Structures are given as C-alpha cells and as structure tokens.
Amino acid sequence: AFLQESEERAYDARPFYSVLKWRGDEGVGKVDPSAQQDASEYIMQLVEQLPDYEEPFKRHFGGTMQTELLATSGRSGERLRKKAGSEALFFFHQVVVKDRASLVESLQKDIEGELLDEYKWNEDTAEEERLPTTKRSYFQTLPPHLIFHLKVRALASLSLLSWSGVWFP
C-alpha cells in the first residue's frame, strides 16, 4: 500500500514537527510525535500551533455537529424531537471500532445514539412526561475532508498500547 497520490510507503514527518512548539505547563518545548496522547487533544493543540492556518484548517477539516433528542409520547403517540444545545465545531469524528466487524457497523452503532431513561419532556407544564429518550448526534455540515479517530480501546492504559503497523484492505 502507498500513500494517496504518492509512490512512497510512508511520510517522514520530522521536518513538519520540528517547526511546531508544544505548550505545556513547563513552558514551550518541541512537539514529541512519539508521545502517546488523546487524538482530540493532539488535533486541538496542532490547530493552536498553526494560528496562520486556523481558517484554512477549519475550511478543509472543520464541520459542525448537532445533538437531538427523540421519543414517542405515551399519551398521544406523537413523535417528539428537539435539538439539544447548539451546533458544535469538530475537526474529526471519533468512532468506537472495538468488538465491531467493520467501520460500517461502527458508524451504524454511532448514529443509533444512547438511551436516556425517563427524560422530562414538556417540563414545567401540565403535559410534562417522563419518557425513554434517544440522544444522538448527527453531522449538520460535513467538511471536505473527514478525519476518523478509530477508538480501539475504551479505557486502556496508554502504556499498554503498542502498534506494529496499520493495514487497510
């Protein structure tokens, strides 16, 4: 397998990393690409390191997500739906792939959402109902280039993670 639009099998990112600075509690130092950290933390710090490129980065990799709540009224049978919060900017999408047969299955599970027991609908009214409610997020706007963070382990100890390679079918 080769990199897209290249005859190379890998990219040496050391020149790229050498110009970045790391903002930590102990002052400014170089980015350590071999240090293991959360993907979301890394991408956000990367964007902060490139202030002149923040807008182009948003234009190519930034999208928005919206969260909604769904339920069926026990009284009327009416489908209830409302937005929960405002649109949120994202630069990547995290998908759990552990114990899943494929990325498609992971994405299907992702859009199913989570079940909230007895969420209060029509609060502070005479028609208040506590209903089983599905909370799910969806893409409001997609970026031209979508980055997936494939989450392999739920709460793994970072010292135990070891990668010998990444393969694509």
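Index from 1, following the sequence. None of these values were measured; they are calculated from a predicted model.
Closest non-hydrogen pair, Ser73 versus Glu129, comes out as OG-OE1, 2.7 Å. Shortest non-hydrogen contact noted between Thr67 and Ser137 is OG1-OG, 3.1 Å. Nearest heavy atoms, Ile111 versus Arg136: O-CD, 3.4 Å. Closest heavy-atom contact between Val96 and Ser106: O-OG, 3.0 Å. When all heavy atoms are compared, the tightest approach of Gly62 to Pro143 is O-CB, 3.4 Å. For Thr133 against Leu131, the heavy-atom pair with the smallest separation is OG1-O, 3.0 Å.
Taking OH from Tyr119 and NZ from Lys82, the interatomic distance works out to 3.5 Å, rounded to the nearest 0.5 Å. One distance of note links CZ of Arg59 with NE2 of His145; it measures 10.5 Å at 0.5 Å rounding. Rounding to the nearest 0.5 Å gives a distance of 9.0 Å between CG of Leu69 and OG1 of Thr134. Rounding to the nearest 0.5 Å gives a distance of 11.0 Å between OG of Ser86 and CD of Gln140. Annotation: the span from His93 atom NE2 to Leu142 atom CG amounts to 10.0 Å, rounded to 0.5 Å.
Counting heavy atoms from C-beta on, the side chains of Arg100 and Val95 never come closer than 4.5 Å. Residues Leu70 and Arg79 are in side-chain contact: their nearest non-hydrogen atoms beyond the backbone lie under 4.5 Å apart. With contacts defined as side-chain heavy-atom distances shorter than 4.5 Å, the pair Thr64/Gln66 does not qualify.
No continuous path of hydrophobic side-chain contacts links Leu146 to Tyr138 [ILVMFWY only; heavy atoms under 4.5 Å].
Taking the side chain to side chain donor-acceptor pair (under 3.5 Å) definition, one finds that Arg81 meets it with Glu68, sequence neighbours left out. Phe57 meets the ring-ring contact (aromatic ring centres under 6.0 Å, His included) test with Phe61, Phe91; sequence neighbours excluded.
A tilted orientation is assigned to the rings of Phe90 and Phe139, their planes being inclined by 30° to 60°.
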